[in-house]
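These notes concern the structure reproduced below.
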Amino acid sequence: MKGFSQLMSRRDWVSDVKVQLLAGPLLILMILGMMIVPMPPFALDLLFTFNIALAIMVLMVSMFAQKPLDFAAFPAVLLFTTLLRLSLNVASTRVVLMEGHQGGASAGKVIEAFGAFLVGGNFAVGLVVFLILVIINFMVITKGAGRIAEVGARFTLDAMPGKQMAIDADLNAGLIGEEDAKNRRAEIAQEADFYGSMDGASKFVRGDAVAGLVIMVVNIIGGLMIGMLQHDMSFGDAGRSYMLLAIGDGLVAQIPALVISTAAGVTVSRVNTDQDVGQQMISQLFVNPQVMILAAMVMGLLGIVPGMPNMVFLLFTALLAGLAWFIMRRQEQALVKGEISAAPPPTQEAPEASWEDVQLVDTLGLEVGHRLIPLVDSRQKGELLARVKSVRKKFAQEVGFLPPVVHIRDNLELSPNAYVLSMKGAEIGRAEAYPGKWLAINPGQVSGELQGTQTEDPAFGLPAVWIEASQREHAQVYGYTVVDASTVIATHLNHLLHRHSPEMLGRQEVQKLLDKLGSDQKSLVEEVVPKAISLTVLQRILQNLLDEDVSIRDMRSILDTLAEFAGQQQDANELTALVRVALGRAITQQWFAGQDTLNVMGLDAQLEQVLVQAMNGNGAMEPGLAETLMTQAQQALERHESSGEPPVLVVQHSLRAVLSRFLRRRLRHMAILSQAEIPDDRTLRVTTVVGGR
């Protein structure tokens, strides 16, 4: 029975879907059918009544919608209702011209009622009423709604970049997730599409008004000719029969058109709030008692003027005065309740401190002075938020894990153009940037000088100049690298992220890396963590790799190596050395992309022998040897870089870890590789010797 009920519910769902899919095509076929197939008067009565009911439903939906996208189907509904009215005009015109000589009921009760009852059977009055409805619909409502839709579409498109940047800012600040950002971007796109569609759909209503006027004229002229020429009716009889039917046909179409046009105006003219149109009008029109009192005074003065309808004016004076008194009473009651609720209890003690009072530090933070606020303000089209997002994405692709969100805030205690980058509450970088100006960085080979504020590139320490925008082209001609203020801060952030990447890699990030790899290599992950090594040891190994600018994207090779050697060795530093050998090809590719011959630095044979003996002895270098090694390494690095070669020193495998820890204290950008890390298909050539003469 349970399976049968599930099957039946599934069939019901499928049938509902089929009905929804067929609703549009069936409606179009019905509209086309009414234009081609003659309709009996009773069918016309049903369809005209349906048209009026549909127009009222559309108006009610537009009134109760809290924002335009709540009725996103309105442009399509506008098209279908316009086509429905026109098809009904065609069908009714056929009936009026063919059967109009038989009397008012020949075209149906609805047309007869609108032609006889609503205008009292007077075709002159009916014609005037019809023309007034057409003018109201065409010149007032439809024209105004079309203009609002046009301006709304233009403003919505102009505001899209700012809204997108605001979404990116909230995403970068961690206020929303990827799914929320995706939904908000889709809503912005739908809003632009909606106003654009409404701008075009309003032309349907204007065309419908013109078509209604033309159809009525055709009906009158055609009815007179058919009545007098085919049915031998007098001009008066033909006019009385056909003109009343034509006017009734026009009115029964124009009244729903006017209702639909009003719905269109309501939809595009509303302001997005949490209230529908009725709630907005009531809450904003009847909220100020002073307005009611002034209106009552004006109506009272008019009510005592001789010759005016005194009773009516004085009645409205009393109503407005009573409404003002009622609103003032409610406001006084609300004020008293607010004062009572706001007053603190006299005996209430101060609350105890709780864990809610503990404020945790942000992993990454950026504080800016007040002149840099436009760079991070999406409403002022600040570009820094997008740059920060790109920096985090690029870092994740290059290094192998996602850095924390950068929390940005202003700090009035900083100098106006200063910014501070912090990690875990501690400052890691500080510099100044000048919005509207450009930083011209001297890469070492420039052909001219620039006027501006002398400074240094905050990321790499190169000499630079802050220049005006008018000097940008001159600086590029001279050979300077020219970047804007947002790029300067983003580049500085990117440099510090790479430099402090080991500190950002916590246990949570390591676990997420394992979870990501576990979706494809579950058995490998389970074999290594926690069976072979703990999560803490793996974290330390990955931090060691990051400390020497080695990417951890190849987690599979890292875990394969640990699975092989972790049973024999548990020291994180030794395991790091083994992992580096496994990643040797990637490390070499990082420094020598596309090169078969590797021009590197090497140790003098005598110096290398001394270092090996020192390491095999007590495991430490003498102070004099250490100072000599640092000086000679620095001199060799300068000679090597002057020839345009990568700053790579290749040593014996047993010396690599010790020399790396020692030399990179002062020569941060130097890379120390082991001979075991160089692939066999690469040729190694020592072009600079450390300690040589």
Side-chain angles (χ1 to χ4, degrees), residues 399 421-424 426-431 456-462 492-505 539-552 571-577 579-580 583 587 590-591 600-604 606-642 645-677 686 688-692:
V399 179
L421 292 162
S422 61
M423 176 177 292
K424 300 178 182 178
E427 179 181 327
I428 59 174
R430 177 191 291 259
E456 288 186 352
D457 170 34
F460 305 103
L462 298 175
H492 193 189
L493 172 64
N494 181 62
H495 174 72
L496 293 176
L497 288 182
H498 282 78
R499 183 171 184 177
H500 296 273
S501 57
E503 302 174 51
M504 295 188 297
L505 184 70
Q539 176 188 357
R540 183 56 187 163
I541 294 171
L542 297 178
Q543 288 175 334
N544 289 342
L545 295 174
L546 293 173
D547 189 48
E548 298 194 57
D549 300 326
V550 177
S551 172
I552 59 174
D571 183 69
N573 293 329
E574 295 296 333
L575 290 174
T576 302
V579 170
R580 284 184 60 94
L583 299 177
I587 297 174
Q590 176 182 348
W591 294 101
V600 301
M601 296 181 291
L603 292 177
D604 178 70
Q606 184 176 359
L607 176 60
E608 187 174 38
Q609 184 178 2
V610 172
L611 291 174
V612 171
Q613 292 176 354
M615 294 301 103
N616 293 335
N618 55 9
M621 288 183 289
E622 296 179 358
L625 177 60
E627 185 63 28
T628 301
L629 175 61
M630 181 63 73
T631 302
Q632 293 179 346
Q634 189 168 1
Q635 295 172 353
L637 179 61
E638 293 175 355
R639 295 196 306 270
H640 193 70
E641 286 187 316
S642 64
E645 301 295 343
V648 177
L649 171 65
V650 178
V651 299
Q652 292 185 18
H653 184 70
S654 59
L655 295 176
R656 197 215 67 83
V658 176
L659 290 180
S660 177
R661 288 193 296 270
F662 174 69
L663 294 177
R664 283 174 57 85
R665 294 176 184 173
R666 286 167 54 181
L667 307 176
R668 178 71 189 177
H669 64 291
M670 174 186 281
I672 294 88
L673 273 62
S674 163
Q675 295 174 352
E677 297 168 5
V686 178
T688 304
V689 178
V690 178

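Values reported hereafter were calculated over all heavy atoms of this structure, with side chains retained and with hydrogens, waters and symmetry mates removed. Bear in mind the structure is a predicted one, so any value in this text is a computation, not a measurement.
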Among [options], the one residue meeting side-chain contact (heavy atoms from CB on, under 4.5 Å) with [X]:
{"X": "Leu673", "options": "Arg656, His653, Arg580", "value": "Arg580"}
{"X": "Met504", "options": "Gln543, Lys424, Met423", "value": "Met423"}
{"X": "Leu603", "options": "Val689, Leu659, Val612", "value": "Leu659"}

Of the non-hydrogen atoms in [X] and [Y], which two are nearest, and what is the gap between them?
{"X": "Ile428", "Y": "Leu496", "value": "O-CD2, 3.7 Å"}
{"X": "Met670", "Y": "Ala633", "value": "CE-O, 4.1 Å"}
{"X": "Phe662", "Y": "Ala626", "value": "CZ-O, 3.2 Å"}
{"X": "Asp547", "Y": "Arg668", "value": "O-NH2, 3.5 Å"}
{"X": "Glu548", "Y": "Ser660", "value": "OE1-OG, 2.6 Å"}

Note to self: If you count every heavy atom of other residues, nucleotides or ligands that lies below 6.0 Å from Gln609 atom CD, does the total exceed 12?
What the structure shows: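 No, not enclosed.
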As an exercise, state the distance from [atom1] of [X] to [atom2] of [Y], rounded to the nearest 0.5 Å.
{"X": "Asn544", "Y": "Ile552", "atom1": "CG", "atom2": "CD1", "answer": "11.5 Å"}
{"X": "Ile672", "Y": "Arg661", "atom1": "CD1", "atom2": "CZ", "answer": "11.0 Å"}
{"X": "Leu575", "Y": "Ile541", "atom1": "CG", "atom2": "CD1", "answer": "4.5 Å"}
{"X": "Glu645", "Y": "Met601", "atom1": "CD", "atom2": "CE", "answer": "10.5 Å"}
{"X": "Leu505", "Y": "His500", "atom1": "CG", "atom2": "NE2", "answer": "15.0 Å"}

Pairwise side-chain contact, [X] with [Y], heavy-atom cut-off 4.5 Å (strictly under):
{"X": "Leu493", "Y": "Leu421", "value": "yes"}
{"X": "Asp549", "Y": "Arg664", "value": "yes"}
{"X": "Val651", "Y": "Leu611", "value": "no"}
{"X": "Leu607", "Y": "Gln632", "value": "yes"}

Margin query: Could you go through Leu637 and Leu663, starting from their C-alpha distance and side-chain angles, then the distance that decides it, and tell me whether this counts as side chain to side chain contact (heavy atoms under 4.5 Å, CB included)?
Written below: CA-CA 11 Å; Leu637 179 61; Leu663 294 177; over 6 Å; no
Note to self: Would you say Ser551 and Gln590 are linked by a side-chain donor-acceptor pair, where the criterion is simply a distance under 3.5 Å?
What the structure shows: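 Result is no, nothing qualifies.
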Next item on the list: Give the C-alpha distance, both sets of side-chain angles, the deciding distance and a yes or no for side chain to side chain contact (heavy atoms under 4.5 Å, CB included) between Val600 and Val686.
Entry: CA-CA 5 Å; Val600 301; Val686 178; 4.3 Å; yes
